[in-house]
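Note: hydrogens, waters and symmetry copies are ignored here, and every other heavy atom, side chains too, is used. Worth saying up front: this structure is predicted, and the values here are computed from it rather than measured. Ligands are counted one by one from 1 in listed order, and the atoms in each one are counted from 1 as well.
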Amino acid sequence: MGLRIHNTYSGMVEEFIPSGQKKDKIGDYPPVTIYSCGPTVYGYAHIGNFRTFIFNDLLRRYLKFRGYRVDHAMNITDVDDKTINGSLSEGLSLRDYTDRYIKIFFEDLDSLNIEKAEHTPRATESIDEMVDIIRRLDEKGIVYTKDGSQYFSISKFENYGRLSRLDSREIKTGLRYDTDEYEKDDVRDFVLWKAAKENEPSWDTPYGAGRPGWHIECSAMVRGVFGGTIDIHTGGVDLIFPHHENEIAQSEGAYGEPFVRYWIHVEHLLVDGAKMSKSKGNFYTLRDLLDKGYSPRAIRYLLIASHYRKQLNFTLEGLRTAENALARIDNFLVRLGDIKKEGEADPAVKTLSDEFNEHFTEIMDDDLNVSGGIGAFFEYLHSLNSLIDEGRMSLAAAARVKEALQRVDSVFGFIFFSGTEDDIDVTRIESLIAQRQEARKAKDFARADEIRDILIAEGIFLEDTRDGVRWKVKK
Ligand SMILES: [Zn+2]
C-alpha cells in the first residue's frame with residue numbers, strides 16, 4: 001500500500017494519487033502540486049502559525065522521502081486591513097512595511113529548519129489573476145456590485161458549503177459567515193474586490209480602483225503559479241470556513257474545473273490547554289521562546305511530533321521534554337562518533353536499519369503518523385545502543401547507521417540540526433558585535449565592516465533590526 005492522506009473534502013482517509021491518474025511507479029508522477037495558505041505579514045508569526053508551517057514542511061519532506069517530486073507554493077498576504085493599518089501607523093509605504101515582516105518571517109522559517117517553498121507569490125503581485133477571475137465570474141452572472149465593491153453571490157454557486165459541510169440554513173442564518181464589514185445582499189456573500197478608500201493603497205482595474213478581498217488572493221495565486229487543478233491545498237482548520245469554501249467557489253465558479261484534489265487541514269494549537277491569546281498571557285511568537293532560551297530545534301521537535309489532526313497542547317514543560325528527547329539523540333550521535341572498531345559491519349546493523357526504514361515508511365504512509373514514526377525511530381536507536389554495548393558496532397557499521405539517520409532526518413529535520421554545534425563561542429561573537437556597534441557609533445565604518453567580514457568568514461551572519469543586532473549561523 002502507498003501513502004494515504006485524510007481529505008477534508010471527502011471526510012475520509014484516501015489513497016494519494018497525484019494528478020488524478022494512477023501510475024505504476026512513484027517516479028512516473030508529475031511533481032506534486034501543493035498550495036499552502038501563508039502568513040499575513042503585519043507582525044511576528046506565533047507558534048500556532050508555525051505548527052501549520054512545520055506540518056507543510058513535514059508533508060513536502062515526506063513526499064520527497066517517498067520519491068515524489070514536489071512543487072510547492074505558499075502565498076504572502078501583503079495587503080489587508082492589518083497590513084494597511086500597520087503601515088499607516090508607522091508612516092511607511094505598504095511595501096516597505098510588509099517587506100520588513102516578510103524578511104522576519106523567512107528568518108523564522110529558517111531557524112526552524114523549514115524548507116523554502118518553490119514559490120512564494122505576493123498578493124499585491126497577483127492583481128491581474130484576480131481581475132481575470134472576477135471577469136469570468138462576472139460573465140457568468142455570479143458577481144454583483146454594491147457601493148463600488150464587487151461581491152460573489154453564493155446563491156449562484158451550487159456546491160457552496162461542501163467542504164465545510166455546513167448546511168445552507170446554518171450559513172444563511174448568519175450563525176457562521178464572513179465577517180467582512182462591507183454591505184452585501186446576503187449575509188453569506190463575500191467581497192471579491194473592495195472599492196478604494198481614502199488613504200488606502202489601491203490598484204486600477206476594469207472593476208474600478210480598489211484592493212482585493214482576502215479570499216480571492218489565494219484563488220488567484222493558485223491559478224498564477226499552477227494554472228489548473230492542484231493536488232494538495234493545506235491550511236489550519238480555522239480556514240475551512242469561510243476562507244477555503246470561498247476559494248473553491250471562486251476558482252470552480254470561474255474556471256469550471258475541480259480546484260483541489262486533497263484538502264489537508266491542521267488542527268489547532270493550544271497553550272497550557274487554552275486558546276492562545278494576548279490577554280491570557282499565553283501568547284508566544286517564535287522569538288519570545290528563543291528569547292527565553294529555548295532552542296529552535298526543540299521547538300521544531302515539539303511542533304512536529306504530534307499528529308496534524310490532533311490538537312496540540314503546547315507547554316514550556318513540553319519543550320523541556322523535547323530537549324530531553326534531543327539529548328538522547330545527541331548522546332547516541334556522540335557514542336556513534338566514538339566508535340573505533342575496525343572490520344566488517346555486523347549484519348545485524350543492516351537488518352535493523354532496513355527493518356526500521358520499512359517500518360517507518362509503513363507508519364508514515366498512514367496519514368503521516370509522525371508520532372508513530374518518531375516512536376519507531378527511538379526504538380531503532382535503543383537497539384543500536386544495545387549493539388554498541390555488546391561491542392558489535394564497527395566503523396563500517398557506524399557509517400551505515402549514519403546514512404540511515406540522514407535519510408530519516410530528511411523527514412524530521414531535527415537530528416542533525418544546523419546551528420547547534422557547540423564549537424560556537426557565543427561570548428566572543430557578542431563581544432565582536434558590541435565592538436562593531438561602537439565602531440559604527442564612532443563612524444568608523446571601515447572597522448565595523450571589517451568585524452562583519454570576520455564573522456561572515458566564520459559563517460556568522462548579522463542582521464540589523466529595530467530591536468538591535470541579531471546573528472545566526474549559516475553553513
Ligand atoms: Zn488562503
Side-chain angles (χ1 to χ4, degrees), residues 7-9 33-43 45-46 48-57 59-60 71-83 98 101-102 105 109 114 117-127 129-130 132-134 137 152 154 157 160-164 166 176-180 190-194 211-255 258-268 308:
N7 188 349
T8 311
Y9 203 70
T33 47
I34 309 172
Y35 181 89
S36 303
C37 289
T40 303
V41 282
Y42 69 97
H46 60 68
N49 304 133
F50 285 114
R51 180 188 193 190
T52 307
F53 298 133
I54 283 192
F55 168 76
N56 296 337
D57 191 49
L59 172 67
R60 50 171 289 138
D71 196 16
H72 183 197
M74 182 184 63
N75 71 295
I76 306 283
T77 297
D78 61 349
V79 53
D80 78 326
D81 291 344
K82 289 183 184 125
T83 45
T98 53
Y101 288 110
I102 288 172
F105 177 69
L109 293 188
I114 294 175
E118 282 70 23
H119 315 267
T120 48
R122 298 169 72 133
T124 54
E125 290 170 359
S126 314
I127 305 289
E129 288 88 345
M130 297 178 201
D132 188 57
I133 292 174
I134 298 170
L137 293 173
F152 187 102
I154 279 171
F157 184 73
Y160 195 81
R162 250 195 85 174
L163 179 73
S164 50
L166 296 173
R176 302 182 66 183
Y177 59 90
D178 193 354
T179 50
D180 250 318
F190 59 92
V191 70
L192 296 163
W193 189 253
K194 299 183 175 191
R211 63 176 171 100
W214 172 38
H215 312 298
I216 198 163
E217 296 177 5
C218 288
S219 284
M221 288 185 263
V222 168
R223 192 77 193 177
V225 174
F226 298 112
T229 308
I230 59 167
D231 291 314
I232 299 175
H233 194 314
T234 74
V237 285
D238 51 321
L239 297 184
I240 296 175
F241 184 86
H243 183 53
H244 290 162
E245 201 72 75
N246 292 351
E247 281 187 37
I248 294 172
Q250 292 161 155
S251 294
E252 299 195 351
Y255 297 104
F259 180 43
V260 169
R261 294 189 182 89
Y262 301 85
W263 285 93
I264 305 181
H265 289 101
V266 184
E267 260 297 341
H268 287 296
Y308 74 95

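At least one N/O/S atom of Cys218, from backbone or side chain, sits under 2.8 Å from the Zn ion (ligand 1). Note on His215: not counted as a metal contact of the Zn ion (ligand 1), no N/O/S atom lying under 2.8 Å.
In this structure, a donor-acceptor pair under 3.5 Å is present between the side chains of Tyr35 and Asn75. Side chains of Thr40 and Asp80: no donor on one and acceptor on the other come within 3.5 Å.
The angle that His243 NE2 and Cys37 SG make at the Zn ion (ligand 1), rounded to 10°, works out to 120°.
Classification of Arg211 and Asp81 as a salt-bridged pair holds, one side-chain N sitting under 4.0 Å from a carboxylate O.
How far NZ of Lys194 is from CH2 of Trp214: 11.0 Å, rounded to the nearest 0.5 Å.
Looking only at N/O/S atoms, Glu247 comes nearest to the Zn ion (ligand 1) through OE2.
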